[in-house]
Amino acid sequence: MKSIAFIGHTHFSSRLEQAFRKRGHDTITLDYNDWGHQFIFSMAAVKKYEVLHFISGTGFRKIFYALILRFVFKKTLLVHFVGSDVTRIQSRKLIDKLNWMGALKLAHRVFCVAPWLTEELKSCGKSETFPLFFRNFPTKIFKMPTTFTILSYLPESRPEFYGRDIVEKLIIANPKIHFIILGGSDLEHYSNVETHPIDYETDMNQFYSRTSLLLRLTKHDGLSNMVMESLALNRQVVWTYEFPYVQKTKGNIMQVQNIISSFYHHNKPNSSSEWVRSKFNYSVFLNTLENLYENPTYSIPAEDYS
């Protein structure tokens, strides 16, 4: 058994920590907003842990830290880029970027959760695609709702990054379509809209069971949990990325409207659930990750997500 520190987004890291604690490992979750600012505190926090798994490349961007962790404390260092961290490293000033890239070269393995992120990160160093997900996808498939309903995610911070303007135009143009918006409280005055506060611990099935189509118009994204969960439940998905069983859009309002109209007139389920469960098996994922913790050179089986 290994002692493992998960450093990154708390709501992501804590789920992995709990899974490996159940498997008998000694684990801890550290939020990268707190860890990494003060050297002595940071080293003391991870001193007893053999494996450091950074869930987000943002937490692993100082070459001095990387040198000490790998060569003095002999830690196994794994880094996972999840989405916005790829844009952060690309936008850094030259000195900061070189510092970050130097740290990544000292990691045992660097992963991205989606192939398009791996492609984007090429200019900053070598990485591999290894998806992260945090539970078994549901096997119970809900019937499609009788009222055609669109689910979308619009956090109160940076809603424009998630396509807020297009979503509002679609709300206005489609009064017969019901919209469930997670976040987006400024849209709740529309009669065909219900909004809900974003809570990462909520049971999302209460929304998926009433959803016909997930609308995710992100300008940049990783492997979205909402996309994966929607596909696992045979919901239609419109997304700004090329992915199996997904309707890709560039975010053009007319293109999105045409896709929605076609599904509105033929409110039928997707056929994606079996594919998701076969390609993204949680037990297999945890076994692979456990093998990496034991041996960072472990060869990850190649997957074809087509």
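Values below: every heavy atom of this structure, side chains too, minus hydrogens, waters and symmetry copies. This structure is a prediction, so every number in the text was calculated from the model and none was measured.
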Exercise. Yes or no on side chain to side chain contact (heavy atoms under 4.5 Å, CB included) for Phe137 and Leu231, after CA distance, side-chain angles and deciding distance?
Worked result: CA-CA 9 Å; Phe137 291 109; Leu231 292 177; over 6 Å; no

Hey, does [Y] have a side-chain heavy atom less than 4.5 Å from the side chain of [X]?
| X | Y | result |
| --- | --- | --- |
| Ser56 | Tyr32 | yes |
| Met226 | Met204 | yes |
| Asn99 | Arg61 | no |
| His53 | Tyr293 | yes |
| Leu292 | Ile300 | yes |
| Phe12 | Asn225 | yes |
| Arg216 | Val237 | no |
| Phe142 | Asn205 | yes |

Exercise. With a 6.0 Å cut-off on ring centres, are Phe179 and Tyr190 close enough?
Worked result: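 No - the distance between ring centres of Phe179 and Tyr190 does not fall below the 6.0 Å cut-off.
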
Exercise. Would His196 and Phe207 count as a close aromatic pair, with their ring centres under 6.0 Å?
Worked result: yes

To check you understand the geometry: which heavy-atom pair defines the closest contact between [X] and [Y], and what is its length?
| X | Y | answer |
| --- | --- | --- |
| Lys2 | Glu50 | CA-OE1, 3.4 Å |
| Pro131 | Phe285 | O-CE1, 3.4 Å |
| Arg92 | Asp96 | CB-CB, 4.0 Å |
| Asp85 | Gly57 | OD2-N, 2.8 Å |
| Tyr153 | Tyr200 | OH-OH, 3.3 Å |
| Thr149 | Thr147 | OG1-O, 2.9 Å |

Going by distance alone, is a donor N or O of one side chain under 3.5 Å from an acceptor N or O of the other, for [X] and [Y]?
| X | Y | value |
| --- | --- | --- |
| Ser273 | Asn234 | yes |
| Glu17 | Ser13 | no |
| Thr129 | Thr118 | yes |
| Gln90 | Ser123 | no |

Cluster check [X], [Y]: I/L/V/M/F/W/Y, side chain < 4.5 angstrom:
| X | Y | result |
| --- | --- | --- |
| Ile89 | Leu106 | no |
| Phe41 | Leu30 | no |
| Phe71 | Leu52 | no |
| Val110 | Ile63 | no |
| Leu223 | Phe161 | yes |

Problem set entry | Ring geometry between Phe280 and Phe243 (parallel below 30°, tilted from 30 to 60°, perpendicular above 60°) |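 If you compare the ring of Phe243 with that of Phe280, the planes turn out tilted.
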
How long is the gap from [atom1] on [X] to [atom2] on [Y], to the nearest 0.5 Å?
| X | Y | atom1 | atom2 | result |
| --- | --- | --- | --- | --- |
| Arg235 | Glu229 | CZ | CD | 12.5 Å |
| Leu132 | Leu289 | CG | CG | 7.5 Å |
| Trp239 | Thr249 | CH2 | OG1 | 13.0 Å |
| Ile171 | His189 | CD1 | NE2 | 8.5 Å |
| Thr27 | Leu16 | OG1 | CG | 10.0 Å |
| His9 | Ser84 | NE2 | OG | 5.5 Å |

For this session: In sequence, state the C-alpha distance, the side-chain angles, and the governing distance for Ser185 and Glu156, and then conclude on side chain to side chain contact (heavy atoms under 4.5 Å, CB included).
Result: CA-CA 8 Å; Ser185 58; Glu156 307 295 346; 3.2 Å; yes

For this session: Would you mind telling me which of Phe54, Phe130, Phe6 makes a ring-ring contact (aromatic ring centres under 6.0 Å, His included) with His80?
Result: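 When Phe54, Phe130, Phe6 are each tested with His80, the ring-ring contact (aromatic ring centres under 6.0 Å, His included) holds only for Phe130.
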
For this session: For Tyr208, enumerate each residue passing the ring pair (Phe, Tyr, Trp, His ring centres under 6.0 Å) test, keeping only those at least two apart in sequence or located in another chain.
Result: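 Partners of Tyr208 under the ring pair (Phe, Tyr, Trp, His ring centres under 6.0 Å) test: none.
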
Answer yes or no: is there a donor N or O on one side and an acceptor on the other, between the side chain of [X] and the main chain of [Y], under 3.5 Å?
| X | Y | result |
| --- | --- | --- |
| Thr240 | Thr218 | yes |
| Asn267 | Ser212 | no |
| Lys62 | Gly36 | yes |
| Trp100 | Phe60 | yes |
| Asp221 | Tyr241 | no |
| Gln255 | Lys250 | yes |
| Asn258 | Met254 | yes |

Problem set entry | Test log, rule side chain to side chain contact (heavy atoms under 4.5 Å, CB included), inputs Val113 and Phe133 | CA-CA 9 Å; Val113 299; Phe133 49 106; over 6 Å; no

Exercise. Got a salt bridge between Arg277 and Glu274, using NZ or NE/NH1/NH2 to carboxylate O under 4.0 Å?
Worked result: no

Exercise. Knowing that exactly one of Ile28, Ile55, Val46 qualifies, which makes a side-chain contact (heavy atoms from CB on, under 4.5 Å) with Ile7?
Worked result: Val46

Exercise. Step by step, would you call Leu213 with Tyr264 a side chain to side chain contact (heavy atoms under 4.5 Å, CB included)?
Worked result: CA-CA 9 Å; Leu213 181 148; Tyr264 177 76; over 6 Å; no

For this session: Verify the neighbour count for atom CD1 of Ile40: are there more than 12 heavy atoms of other residues, nucleotides or ligands below 6.0 Å?
Result: no

Exercise. Is it true that atom NE2 of His37 has more than 12 heavy atoms of other residues, nucleotides or ligands lying nearer than 6.0 Å?
Worked result: yes

